[in-house]
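Shown next, in structure tokens, is the structure this report addresses.
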2 protein chains.
Amino acid sequence: MTTQAQDNGFCCADHSGAANVAAILAAAEARARATGARLTPVRRRVLEILLQAHGALGAYDVLEKLSAEGFGSQPPVAYRALNFLVDQGLAHRIRRLNAFTACAHPGQDHRAAFLICESCDSVTEADAGAVSAALDQAAKAAGFDLARATIEAVGQCSACREAAR
Amino acid sequence: MTTQAQDNGFCCADHSGAANVAAILAAAEARARATGARLTPVRRRVLEILLQAHGALGAYDVLEKLSAEGFGSQPPVAYRALNFLVDQGLAHRIRRLNAFTACAHPGQDHRAAFLICESCDSVTEADAGAVSAALDQAAKAAGFDLARATIEAVGQCSACREAAR
DNA sequence: TTATCTAACGTTATATCATAACAGTCAAGG
DNA sequence: CCTTGACTGTTATGATATAACGTTAGATAA
Ligand SMILES: [Zn+2]
Ligand SMILES: [Zn+2]
Ligand SMILES: [Zn+2]
Ligand SMILES: [Zn+2]
């Protein structure tokens, strides 16, 4: 199974478009230098792959591309790079899809929710500010000390709904 | 790895306690009869196992118990029963843990959030009414037709926080 | 410069989670 | 009785993820 979103002409997230990819990559590089994190070739390339995917990619999808380009060909190569990007806030893990997607707003401290389209597999990162606040509230009511949360919605994106009409 | 919560004396969710287990099982049975769903021995036993676990169990944890009791010993046996329970609203899948937990409020149409303790692995089902409303709002703003959502928080439960003080 | 240290890389091997496909069982309905 | 369909169990395989270890390359210090 591939988890790549189909590239069917319409774009889903803010990071679509080659120009934006370059800008985000540059910003990631600058931020890495600033924080001391090392955006190595594999890591940088994985981020680029995610940015170009317009959707979430499974670790093995990423690995396949890496392998074809002369990087390592074994799972840890992909998982390490992906986990690094997630730790750095440059990518997100989509648990429902066992997949990863580039962050649409890197650098900003943001709480994200993901809107997963069942028709086209696109994954859109939405601002979860209000959702997160409500969740904080619910956790507080339960006496739970919330560290982080996963918020994933499944349904149909606007483009697919239009197309289905 | 076992995903079973440690049974360390304190209970986490509403369904704790043998009496409550029996009550929920009875209610599940009644509801199954009413809707035509068949709560067969394996399914009933799996629900019971989840109810007694006081936490989320992986499919293979459940399978191990089933197998020891004379039920089938292969993965599909556990996955089928678990998926049935989830479909019936009698259990929930916790994606972050690759695990399942009995629903604390079966029969009610509810949107749930899960509070996962990193210290004791307990999983508490919290009412996600407000969270869900905020998420509906966010989805609507993005033109996304939301079918269902996964809301999982990770942190530390009150009991563990107390114990750590 | 050269020695030393450490983070990152790549590999092998294995663990863990999940489903496809098919045969046997059994109860309900004709 | 016989068909039908839901359920169970099996074999086999696929998909996702990490442990462990040797090697490499970049940084640091003598
Ligand atoms: Zn983001
Ligand atoms: Zn879509
Ligand atoms: Zn529930
Ligand atoms: Zn706890």
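All chains are named by letter (A, B, ...) in the order of the sequence lines, taking the proteins before the strands, and each is independently numbered beginning at 1. Everything numeric here is computed off the predicted structure, so don't read it as measured data.
The side chain of N98(B) lies closest to dA18(C), out of dA19(D), dT19(C), dA18(C). The P75(B) side chain lies nearest to dT19(C) when the options are dA8(C), dT19(C), dT18(D). Side-chain proximity of Y60(B) to dG9(D), dA18(C), dT11(C): nearest is dA18(C). Checked against dG9(D), dG10(C), dT16(D), the side chain of V42(B) finds its nearest nucleotide in dG9(D).
The shortest distance between the side-chain N/O atoms of R45(A) and the OP1/OP2 oxygens of dC9(C) is not below 4.0 Å. Between dA8(C) and R80(A), no contact under 4.0 Å exists linking OP1 or OP2 to a side-chain N or O. The phosphate of dA17(D) has OP1 or OP2 within less than 4.0 Å of a side-chain N or O from R93(A). Distances shorter than 4.0 Å separate none of the side-chain N or O atoms of T40(A) from OP1 or OP2 on dA7(C). Residue Y79(B) places at least one side-chain N or O under 4.0 Å from the OP1 or OP2 atom of dA18(C). In this structure, R38(A) does not reach the dG26(D) phosphate: none of its side-chain N or O atoms is under 4.0 Å from OP1 or OP2. Between S73(A) and dT11(C) there is a side-chain N or O to OP1 or OP2 distance below 4.0 Å.
Using a 4.5 Å cut-off on side-chain heavy atoms (C-beta onward), Q88(A) and R43(A) make no contact. Counting heavy atoms from C-beta on, the side chains of F144(B) and Q156(A) never come closer than 4.5 Å.
Separating the CG atom of N83(A) from the C1' atom of dC9(C) is a distance of 15 Å, rounded to the nearest angstrom. For the pair R96(B) CZ and dT16(C) C1', the computed distance is 18 Å after rounding to whole Å. Following rounding to the nearest Å, F71(A) (CZ) and dG10(C) (C1') show an atom-to-atom distance of 12 Å. At whole-Å resolution of the value, CG in L63(A) and P in dT12(C) are 13 Å apart. When the C1' atom of dC9(C) is taken as reference, atom CG of L82(A) falls 15 Å away, rounded to whole Å. Rounded to an integer number of Å, the gap from E64(A) CD to dT16(D) P is 12 Å. Distance CZ (R43(A)) to P (dA7(C)): 11 Å, rounded to an integer number of Å. Nucleotide dC9(C) holds its P atom 14 Å from the CZ atom of R44(A), rounded to whole Å.
Comparing Q74(A) and P41(B) along DNA chain D, the residue whose closest nucleotide (by nearest heavy atom) sits nearer the 5' end is P41(B).
Using a 4.5 Å cut-off between side-chain heavy atoms of Ile, Leu, Val, Met, Phe, Trp and Tyr, with links allowed through other members, L39(A) and V77(A) fall into the same hydrophobic cluster. The hydrophobic cluster containing I116(A) does not contain V131(A), counting ILVMFWY residues as joined when their side-chain heavy atoms lie under 4.5 angstrom apart, directly or transitively.
Environment of CD in E64(A): sparse, with no more than 12 heavy atoms of neighbouring residues, nucleotides or ligands closer than 6.0 Å.
In this structure, R95(B) reaches neither bases nor backbone, as no heavy-atom distance under 4.0 Å exists between it and the strands shown.
Scored by the salt bridge (Lys or Arg N to Asp or Glu O under 4.0 Å) test, R111(A) finds D136(A) as partners (sequence neighbours excluded).
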